Structure formats: C-alpha cells, structure tokens
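Everything on this sheet refers to the single structure shown next.
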Amino acid sequence: MMRYTSRIFATLFLTTQAPFLAAGAYYTSNPGSPYPPSCITLPLRDLDLTSDNAVMFFSERIWLETAQKVESSDPFANRGEARMDLYRVACAEPNRSVVVAEFSLPPEWVDPRKSQLVLPWLTGSTGMDPFPLVFKPEANSWGQPPSQFFLYKATFGDYTGGWDDPRRFTWRYVLDVHPQWSSNGWSNAASYYNGFFGLELQRSNEFPFLAIGVPATANLFEPTGSLPLSGRLSGNWIEAGSHDQGFLISFSGAPPDGSIDVLQDTDLVVFLSWFTYDVHGELLWLTGAARFTPGSSEALVPLERVEGGAFLGAAPAERATVGSARLRAIECNRLEVEYQLDSLGLGSDVMRLERLYALEIADFPCRDFEAQYNSIFPPQAH
Amino acid sequence: MNNLLRAPFLISLVLIQASPALADPALITNPHLPYPPGCAWIPDPPDYGLERLGVKFYDQEIQFYSAQLGDKTPLRLRAFRAPCSEPNRSLIWLEFILAAQYGNTDLEIQLPTVVGEVAPHHRKGMSLAVEPNGWGSGGWVDREGRILLSRQQATTWYYGRPPGERRWVFLLDNGPPFPEEYFENGLTPTEYNSAFKLVLRYNPYDFFSIDIPATRDLLPATRPPMPLSGRLSGNWVIAGTADQGVLLSVSELIPRAVFLAPFRDVRRMVMFLAHYTFDESGNMLWLTGAAEFDPGATEITIPIELVTNGEFRSTKRAEREVIGSVTLRSRSCNDLGFEYDYSGIGLGSERRQLQRLFSMETAGYNCRDYEDRLAATQ
C-alpha cells in the first residue's frame, strides 16, 4: 500500500500546474477526459440511469463523513450511512462509457442541518498502475484547480435531486480523472477508464476502507451504432481516397425565436458545403441547410447550386436545387452521406466520411483524447 | 446566402411550437448564462490573473463562525469585474482568502448563499460557480450548505500542507436552470452587467450585501480582443455580398503526447478557411487554406490555394496553386477582420469585415450570450 500510494504522489510532485489554467487563456475544455465529451450531457440530474444503456454494478450502504466532521475527535461521531450506487453509462463510441455515482441518504439519516456528505477520496488501479480519480459534479469539466487541490471544496452540499421526492437528498457525480493527472496529457486514460479497474475509497486521513471492482465497458455493452447530430460533428470531413475535395459541415443552434424563456429547447441547423468538381472537372460547390430536432442522428439536406454570381457582389445569383444529401451520424469519426445528384450527371451513392486527421472543433471535441490520438498515431506506432 | 437561409428559417420559426424545457439537453449548453460563454476563462489562483485583467471593486474582511476555533474568524472577500470582448459584458469573480495564520488549521468555512437584487424587493437566485459555463449540479436553495474545507485532501503523512494563505475563486453565476415552477430564472445579461446589489446570506438573520457596479461604469470602453478559438467556427458572410460566404473551422492539433508529458508547449490550433465565391467571369470559385496558430492568438495569416483539374470522388490528384492569402483578425464573437489578397487570380486585395450568418454559432458551443444572439436575429 505504501508503495502504491507513494507512486501517485511521486507523480504528482513531478507534474507541473495545469497548463491551460496557467496560460490564462480563454476557457478551454478539459482535453484529458477519459470518456468522449459527446457521451454525457448535463444537467446530470436528467440522466436516465434506468435506461438500457446504463448498468448498475455496485449498490451498497457505506459509512461516509458528514459535515461538521472535523470539529470532532471521535472518528465515528460524525459519520453517516449513505447508499452508493455505481453505474456505467454507454456511449455511441465503441468501448466507451461513463461511470456515474449516485449517493443517497436513507430516510432515517436525513437531517436537513447535517445532510451533507464529504465525498471519499478515490484511487483507481490496474495491476500495479495507480491513477487518482475524483468525483465531479459536472462531466467534461476541469474540476478543482490543481493549486486548490488540497483545499477540498464544492463536493458536498449539492443536492442533485433538489426537492423532488424521492430524489431529495441524492447526489450524482461523474467518476473522472483527477485534474492534476488529466491536465498533463495522459494519452491512454480512456483505456484505463474503460477497462476493468479497481477502485479504492478512502475517508480523510485514513487508509482505504472499501475496494470495488469496476467492470470493463466491453463486458457490459455492445456498440450502439448511432450518434445524435450535434455541434461536436462540425468541421472538415473527407471521403477516404477522394483527393482535393471535401466537406465543411457546420452544426449550429437555430436562431432564437424571440422567446424570453431561455430554457426553451431549440432546433439545430446543419449547413453543409461540398467542395468538389463537376463532370467536366470544373470547380463545383454545393451548399445546403436544413433544420432538425435535437437528438436526431439523421438530417435530409437539399443541395443547391449557385451560378452567375459576382465576386463580393451584392446582386443575387441564380440558385437551383440540384439534389439532396441525407446525413447520418454513426460515430464521432464516421458520417454517412447518401447523395442524389442525377441532375448534374453525378449519380447517387452512399459515401462514408471521416475526419480530416483528428481535427475536431477546438475545445469542443467529440471523441476523447485517446481516440483522437490513436487516429493519428496508431497504437502499434507509439 | 442570406436569401438561402433567412426565409425558410423565419417561416419555420413561426410554425414551430415551443418545445418542453430541456426536453433534450444533450445538444445544447446551459442557455441560462448571464455572460458570453466565449468570455469565461478560469483564473489560476496562484497567478491571480484577476488583478491583471479585472477591476477590483470590493475588498473587505468578513467573518464566519468557526466551530473549530469556537469564535468568529476573519475571511477576506474580494470582488472583481473582468471585461469581455463583447461590448458591455463582463464577468464577476469573488475570491475568499483565509489568512496565513489559519493555513495549517483544519477549518470548515460555510459559504453564504448569493442573491442578486436587481430592483428593490426583486431578488433572483445566483450561485458561486467553480467553473464557468456549467449547468450547476443542484438547485439554488440546495446550495446553502456549501462549505469550504480548509484541509488537505490527501493523507498527511505523504504530503505536507503548503504554507500560506488559502484562496478560493468563484464565478458569480446564475443558479442552475431548475423548472420554473420552483425558481425564477436568473439574471439576464443586461441585469448582470448593470449595477445591482448582491446579498450574501448565511441565514435569514445573518446577511450582508455588496453593491456591484455596472460594467460600463467600471471598465474602460476598450475591450480585449477575442482570441481565435473553436467558438468562431461556423458560417460567416461579408456584409453586403450575396450568395457567397466563408466557412471557418478551428481545430486542435493532437500533439504526440506521451504518458505524463505536459503538452502545454506543443499544443497548437489550426484554422481551416473555405471561401466560396465567384471568379471574374462569374464562375464558381472555391478557395481554401489552413494555418496553425498558438492558443491565445488574435490574428492569423492563411495562404490561400486554388485547386483545379480535379475529378468528382476520384483518387486523381488535382493541381494546387497558392494564389494569395487571407489575414483574419478577431475582435469579438461576431466581428472578424478579413483582409484578402487574391491578386494571383486577378481579384485584387481589400480589407473587409466578416459577420455571423444571423446568430448561428456552433451548436452547444456558443460564443455570445443568449441575449446578444437573440438581438442578432432582429
């Protein structure tokens, strides 16, 4: 155990401050997430843990510290019993899931004045490789800034369930990689996270009191094969083998409709631009836009050809709808386009699009870092 | 371009009924933010960028009751407004400082709840956010028990507590968007950037307030330029031109990172630009280019290529030729300087301005706040 824990701290000593925080740059998303950022969405309380793509693998009552703990020297005086349920929630990406923890207080322990749990400190391990983990109240976040790591905050007192019985006095968290660890570019974090690993829980200033085996993602889920179209799919796309041509696809929120209610859900808009050549090898650009409902994994986009325009001119050009493209999202790095361009003599077919390298919208990637990394540097080349 | 999109959008907007609140939050970020999502950054507490970038408007000692020390204990509270690149927009940061003399003491510090009083007797729930742009993890009233714990998280025999004062930084944000039947919506961006009173409350009988000055009264008219980032990806048009435009895609380059090697120094970004327009004869013309830049840059020059003699979905290599360049200068979420030099194909050079196509920004990764995007559609 000594060697186990000291390796973690030796590593933490060697690492520097989180680079993106220290840079003072505008907010960037955490590139070190061990799960695809497109997989889990917020607010966490809306996640349906009873659906088919969630599997509970641990459910027990455990003793945790409650608030006011540090005022007492009696180690048992300020502990409360809480139920901890652990789930893996499947992603569209193959062999990827997110581990979600739900803590709930049994009714007999509910005391509005002291119903605040101090979350346990966590360590994951695969074999002899330890890696520090944390519970984060929001997915895809940085979590506690490293410089404040040793000042525990904001991990208790948030009732995810609000006042809605029976979820009152429940808390939900995403099991995530520790900020200090992830900020340093741990490129294979997803493999650790999605494989079988041991999870040890520790109350403050104590040795671990509980060890849990977290089952591997591949043993729980089959790949789902569809992904909702979203802004994370925006960017450059190409068809493998087709040279010097491609697509720029942009997913946007539809213009607000003037409602004051900002909680209103809005449609999304896909704008597709296809840069290619006509039957004579002349430059051809086709564009199209379509609205679709959030959550859809498919959109039908009419394609227009524009002629007779003027460079930076104000006069409208001639527009004609020349075909259509049906866009389907399979995974973060796979789109299908079923096009019909008979009127241009280009026929119809189904194309499979891929990312241009691992390029995804900056700070809003779809895949986790490891998946992006492996698409450029295949594992055997590491 | 405008004609292509505006009419169908407006028609469909009229036809579409209001959908249930947060029916599918999977694809949108929190729309309830009172600040532009493109503005928020996380200050690194040791560096205190707040001092450098923001204007301090409050610096007082407050007290909290400490069960551990058995008495009222001093806690310093500082408040800042930091400007955004968007006009009349800023972020409000609150910083709590525990003096060095208590640095080695295990303490629980209860944080007050925060309420914005935008008009007399008109209060709206707010929260102290650990990170900007988030959903928040609970309800407004559930946050009353938030406690700072001045205690090291790790076991003491492995890691000594670093000496000195303790600092915690929070962004003043709206509360989580809970169903409206429970709570009123938070502050609008206009309210957040106007003068208002912030009430900090430990319990109904123990509270104090801070006067928050308006953004325009506190910060100079000059605003920091918006760094080039993924939030600028999407559709842009040159004002006054028809049926043509520019598509931008900002991506991160994946560094050849190895286990635990910081990639601060090797992480770069790449801007891909496609300008679809017409040549001198009115024929279709698409020009593309890509260039790398460092995070934080506000300007980039991209060599522009013309591609000819290609073949539809073919492996045949086309002919490529650099015919000029485009320089993009970022000013704000909706304002990009566009300086082109297409002399190589007889289209000359000029400096123009790019604007968003309506309020369209990358879904789930907006740059401007809701209020500004709404205004852009009207």
Side-chain angles (χ1 to χ4, degrees), chain A residues 9 19 21-22 24-27 41-43 70-71 116 137-138 141 147 150 152-154 157-159 162 184-185 187 230-231 235 241-244 248 250-253 255-257 262-263 265 268 271 275 277 283 285 294-295 306 308-309 311-312 316-317 358-359 361-364 372 376, chain B residues 13 19 21 23-24 26-27 31 40-41 44-46 49 67 106 130-131 134-135 137-139 142 145-146 148-149 152-153 158 227 230 234 241-243 247 249-252 254 257 262-264 274 276 278 282 284 286 295-296 307 310 312-313 318 358-360 362-365 370 374 377:
Chain A
F9 285 102
L21 303 186
Y26 273 52
Y27 181 59
T41 58
L42 297 172
V70 293
E71 72 178 278
Q116 296 164 329
E138 295 187 42
S141 64
S147 58
F150 295 101
Y152 205 62
K153 77 174 179 188
D158 295 326
Y159 302 152
N184 286 283
S187 61
S230 79
S242 295
H243 285 153
D244 300 313
L248 263 175
S250 167
F251 293 91
S252 308
D257 64 357
V262 297
L263 296 184
D265 214 352
L268 299 181
F271 186 92
F275 302 96
Y277 309 89
L283 294 182
W285 51 261
V306 185
F311 178 66
L312 301 187
L359 295 178
I361 292 295
D363 301 328
F364 194 47
Q372 294 180 63
I376 297 180
Chain B
L13 285 171
S19 53
D24 186 349
L27 304 172
W41 48 274
D44 185 46
D106 284 351
V130 180
E131 295 188 48
W135 284 100
S137 58
D142 295 332
R146 174 166 285 190
L148 300 175
L149 195 59
Q152 62 187 54
Q153 193 178 0
Y158 284 117
T241 65
D243 297 314
L247 275 167
S249 170
V250 183
S251 308
E252 287 165 333
I254 301 299
F263 49 95
R264 165 175 37 184
Y276 50 103
F278 306 92
M284 282 185 179
W286 51 260
V307 184
F312 180 68
R313 295 188 65 195
F358 312 115
S359 64
M360 290 170 62
T362 299
Y365 193 49
Y370 178 84
L374 183 61
T377 65

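By convention in this document, chain letters (A, B, ...) are assigned in the order of the sequence lines, proteins followed by strands, and residues within each chain are numbered from 1. On a predicted model such as this, the values are computed, not experimentally measured, just so you know.
- Heavy-atom pairs under 4.5 Å with chain B peak, among A:Gly309, A:Ala358, A:Gly241, at A:Gly309.
- Taking both residues in full, the closest heavy atoms of B:Met284 and A:Val306 are given as CE-O, 2.9 Å, listed atom of the first, atom of the second, then distance.
- Interatomic distance, B:Leu247 CG to A:Trp285 CH2, rounded to the nearest 0.5 Å: 10.0 Å.
- B:Asp243 places a side-chain N or O within 3.5 Å of a backbone atom of A:Ala317 that can act as its donor or acceptor partner.
- Nearest heavy-atom pair, B:Val307 versus A:Leu283, reported as atom, atom and distance to 0.1 Å: O-CD2, 2.9 Å.
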Could you please spell out the steps behind the side-chain contact (heavy atoms from CB on, under 4.5 Å) verdict for A:Ser250 and B:Thr362? CA-CA 7 Å; A:Ser250 167; B:Thr362 299; 5.6 Å; no
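- A pairwise comparison of heavy atoms in A:Leu248 and B:Ser249 identifies CD2-CB, 3.9 Å as the closest pair.
- With a 4.5 angstrom heavy-atom cutoff, A:Ile376 touches chain B only via side-chain atoms.
- Considering all non-hydrogen atoms of both residues, A:Phe275 and B:Tyr276 come closest at CE2-CB, 4.0 Å.
- Classified by interplanar angle (parallel below 30°, tilted 30° to 60°, perpendicular above 60°), the ring pair A:Tyr277/B:Trp286 is tilted.
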